[in-house]
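The analysis underlying the following values was restricted to heavy atoms, covering all of them including side chains, and did not include hydrogens, waters or symmetry mates. Just so we're on the same page: letters track the sequence lines, and every chain starts at 1. The structure displayed is predicted, hence computed values, not measured ones.
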Amino acid sequence: MWPTDADALVDRQRELATLTPAPWRPGVGALVSAGCWACFRRGVSGPGRAGDLAWGAAVLLEELRPVARRVAPGAARAGYVPGLLALRLGPLLSGLVGLLPRRPEVLLVDGTGRDHPRRAGLAVHLGAELDVPTVGVTHRPLLAEGGWPPDVRGATSPLLLDGDVVAAWVRTRAGTRPLVVHPGWRTDPDTAVAVVGRLAVRRTPEPLRAARQAAREARAAASLG
DNA sequence: GCGACAG
DNA sequence: ATCTTGTCGC
């Protein structure tokens, strides 16, 4: 289950960093993926706090086609603290993925993997809890460093932390900012980049786009009453 | 001590 | 995270 305080989460992250699960690779045929997302009330800025109202979503896809959606309101378990995102969102997101009609082959998460103070970001943690290979996607690195790749779709460049390649900048579209792709649970950098390239039609990979849209629709519906 | 810091 | 503004391209 999910740690409920920072000390317990840090302990769990240190444990996760020592695990070496078997690497996963996509099989032949249509890829069954999922994306999960959480959004908060509009107009509220800052790190927030425990109890913040949130809307979560998980969407299951066969290749690029959404086939199931789950949305639910929930409460953040903590304010946002860099390195402790799992404390805030872990239970909500894992619960929603667990409601999908089947387990995906790979789950895309809005968070880092090995680019983390203890090499165990939310993408790693969710994958371990759910026993699902994961790939993280963020707008920017948490700690890793590296220059942008050329402005060509498919171009990548490494992001390093303490001399290790822990993530990659990826141009999913020319003319826009690259995304950061993070290997998570049972994925390596090459596999993570390949999965994102396969699932990205627009800038944001379709599983995350679909989940973000579903979460925001749930928020909008709630605001109307 | 100070700043930086996924969402 | 979320918002606002401006700019570019179709």
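We find that NE2 of H125(A) is positioned 16 Å from C1' of dG7(B), with the value rounded to whole Å. Between the CG atom of L108(A) and the P atom of dG7(B) there is a distance of 14 Å, given to the nearest Å. If you take CZ of R49(A) and C1' of dA1(C), they are 17 Å apart, rounded to a whole angstrom. Atom CG of L87(A) is separated from atom P of dA1(C) by 19 Å (rounded to the nearest Å). The separation between W37(A) atom CH2 and dA1(C) atom C1' is 9 Å, rounded to whole Å. The separation between L161(A) atom CG and dC5(B) atom P is 14 Å, rounded to whole Å. Protein atom CZ of R119(A) is 17 Å distant from nucleotide atom P of dA6(B), rounded to whole Å. Summarising the geometry, the separation between NE2 on H182(A) and C1' on dC5(B) is reported as 13 Å, rounded to the nearest angstrom.
At dT4(C), none of the side-chain N or O atoms of R42(A) fall inside 4.0 Å of OP1 or OP2 (strictly under the cut-off). Taking only side-chain nitrogens and oxygens, R140(A) comes nearer than 4.0 Å to OP1 or OP2 of dA6(B). OP1 and OP2 of dT2(C) both lie 4.0 Å or more from every side-chain N or O belonging to R41(A).
The side-chain heavy atoms of W55(A) and E217(A), taken from C-beta on, include no pair separated by under 4.5 Å. Side chains of V106(A) and P26(A) form no contact here, defined as non-hydrogen atoms less than 4.5 Å apart. Residues L19(A) and W185(A) are in side-chain contact: their nearest non-hydrogen atoms beyond the backbone lie under 4.5 Å apart.
Counting any heavy atom pair closer than 4.0 Å across all strands shown, R114(A) reaches no nucleic acid atom. G111(A) comes within 4.0 angstrom of a nucleotide base, judged by non-hydrogen atoms across all strands. If you check every strand for non-hydrogen atoms under 4.0 Å, L122(A) touches a base. If you check every strand for non-hydrogen atoms under 4.0 Å, H139(A) touches sugar and phosphate atoms only. Heavy atoms of G175(A) sit nowhere under 4.0 angstrom from any nucleic acid atom. Residue F40(A) is in sugar-phosphate contact alone, with no base atom involved, counting any heavy-atom pair closer than 4.0 Å across all strands shown. Contact annotation for G46(A): base contact, defined as any heavy-atom pair under 4.0 Å involving a base atom. At the heavy-atom level, L84(A) lies under 4.0 Å from base atoms of the strands shown. At the heavy-atom level, P117(A) lies nowhere under 4.0 Å from the strands shown.
Taking a cutoff of 4.0 Å between a charged side-chain nitrogen and a carboxylate oxygen, D110(A) and R212(A) do not qualify as a salt bridge.
With hydrogens and angles ignored, no donor-acceptor pair closer than 3.5 Å exists between the side chain of T138(A) and the base of dA6(B).
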